[in-house]
Structure formats: C-alpha cells, structure tokens
Chemist: 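First, the structure itself, so that you have it in front of you.
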Amino acid sequence: MTDITHLPGEEFVRQGLQDLEQGETTTLESLLLQIGATRIRNAGVPVPDFPRHETDAELRLYFLLGEQHGNNAYSQYNAHIRRLISFEQSLEARTSRMRRTEQAAL
C-alpha cells in the first residue's frame, strides 16, 4: 500500500477506509472515498469494494450535507470535493516520485 501519511486529507481517507471495511457506505468519509476510489486505487491504496447504489455517491454526499448543513450544503460539498482532489493529487505525486526513484535504482 502506498503511504498516505502526512497527505492533506489523510484523516478522512483513513476513516473512509475503516468505514468501508465495516460496511458503512453512508458516512461522509466513506462517500468521499467512493467518489475518489478509482484514482486512489490507481495510486496504490487498496480501497475496499462497496455496493453500487441507484444514486451515485456524489448525490448521496450532497443529500447528507443538506441534512447536516441545510442551505450551506453546496459550499460544504465543494469544500469536501476540493479536499478529496487535493488528497488525490498529492497521492499521485507521491506515487509518481516513488516510481521514478524505483526505476532510477534499477
């Protein structure tokens, strides 16, 4: 597994991984992980399988934030998505550096 220590958003990813391992698919963290699962898996972090729903994770996240934040759901949604993207980009950069280092060592 690629090391995610000290990446922005590490805490929500760790919680999301734990939630998905336990079958929790409706928490904020597990929904964010479902949204970013492909990119995160491709960067070397094993994301547990999760059931596909009729409603996609982005919409379920928005509804969850609407229940918690009312009219501020849109800004909360955008903030969490930006945080996810920041994590994904940092993870991909770290993975790319690791691969270059490994190739240089050969």
Side-chain angles (χ1 to χ4, degrees):
M1 178 171 129
T2 302
D3 181 25
I4 63 171
T5 305
H6 304 299
L7 293 179
E10 169 194 358
E11 66 283 351
F12 87 77
V13 172
R14 288 193 189 281
Q15 184 62 53
L17 289 169
Q18 182 179 359
D19 290 349
L20 288 176
E21 282 289 330
Q22 296 174 354
E24 295 289 333
T25 60
T26 58
T27 65
L28 171 85
E29 295 84 0
S30 69
L31 288 168
L32 283 168
L33 218 54
Q34 290 171 60
I35 293 167
T38 300
R39 282 181 77 180
I40 294 170
R41 282 181 181 136
N42 288 342
V45 177
V47 177
D49 290 330
F50 48 88
R52 302 289 180 212
H53 293 274
E54 290 180 20
T55 308
D56 64 344
E58 291 92 347
L59 193 53
R60 289 184 293 136
L61 174 61
Y62 189 80
F63 289 147
L64 175 67
L65 293 170
E67 291 172 2
Q68 295 174 350
H69 300 283
N71 291 339
N72 290 327
Y74 183 73
S75 63
Q76 289 293 316
Y77 176 85
N78 285 331
H80 287 294
I81 294 299
R82 283 192 303 271
R83 190 171 178 207
L84 172 63
I85 291 169
S86 179
F87 175 82
E88 292 169 336
Q89 291 172 339
S90 297
L91 177 64
E92 289 166 344
R94 180 176 285 178
T95 301
S96 178
R97 280 191 306 273
M98 288 173 40
R99 288 180 183 151
R100 283 194 310 269
T101 301
E102 290 171 0
Q103 289 175 349
L106 296 177

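Just so you know, these numbers use all the heavy atoms, side chains as well, and skip hydrogens, waters and symmetry mates.
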Chemist: Report the distance from atom CD of E24 to atom CD of Q15, rounding to the nearest 0.5 Å.
Modeler: 9.5 Å

Chemist: Can you measure from CG (L31) to CG (L84) and round to the nearest 0.5 angstrom?
Modeler: 11.5 Å

Chemist: Working to the nearest 0.5 Å, report the span between CG of L33 and CG of L20.
Modeler: 5.5 Å

Chemist: Heavy atoms only: give me the nearest R41-P48 pair and the separation to one decimal.
Modeler: NH2-O, 3.2 Å

Chemist: Between R52 and F50, is any pair of side-chain heavy atoms under 4.5 Å apart?
Modeler: yes

Chemist: Answer yes or no: is there a side-chain heavy-atom contact under 4.5 Å between E88 and I85?
Modeler: yes

Chemist: Only one of T26, L28, T27 forms a side chain to side chain contact (heavy atoms under 4.5 Å, CB included) with L64, so which one is it?
Modeler: L28

Chemist: Looking only at heavy atoms, what is the nearest atom pair of T5 and R14, with distance?
Modeler: OG1-NH2, 3.5 Å

Chemist: Can you tell me how far CG of L17 sits from CD of Q22, rounded to the nearest 0.5 angstrom?
Modeler: 11.5 Å

Chemist: Could you go through the side-chain hydrogen bond (donor to acceptor under 3.5 Å, both in side chains) check for T101 and R97 one step at a time?
Modeler: CA-CA 6 Å; T101 301; R97 280 191 306 273; over 6 Å; no

Chemist: Do I81 and Y74 belong together in a cluster built from hydrophobic side chains that touch within less than 4.5 Å?
Modeler: yes

Chemist: Please name the pair of heavy atoms, one in D3 and one in R94, separated by the smallest distance, quoted to 0.1 Å.
Modeler: O-NH1, 2.8 Å

Chemist: For the CD atom of E92 and the CZ atom of F87, what is their distance to the nearest 0.5 Å?
Modeler: 10.0 Å

Chemist: Indicate yes or no: at least one non-hydrogen side-chain atom of Q68 is less than 4.5 angstrom from one of Q76.
Modeler: no

Chemist: Any side-chain donor-acceptor pair under 3.5 Å between R82 and S86?
Modeler: no

Chemist: Considering non-hydrogen atoms only, spot the tightest contact between H6 and E10 and give its length.
Modeler: N-OE1, 2.9 Å

Chemist: Drop me the distance from T95's OG1 to N42's CG, to the nearest 0.5 angstrom.
Modeler: 10.0 Å

Chemist: Ignoring hydrogens, what is the shortest heavy-atom contact between T2 and A43? Give both atom names and the distance.
Modeler: OG1-O, 2.8 Å

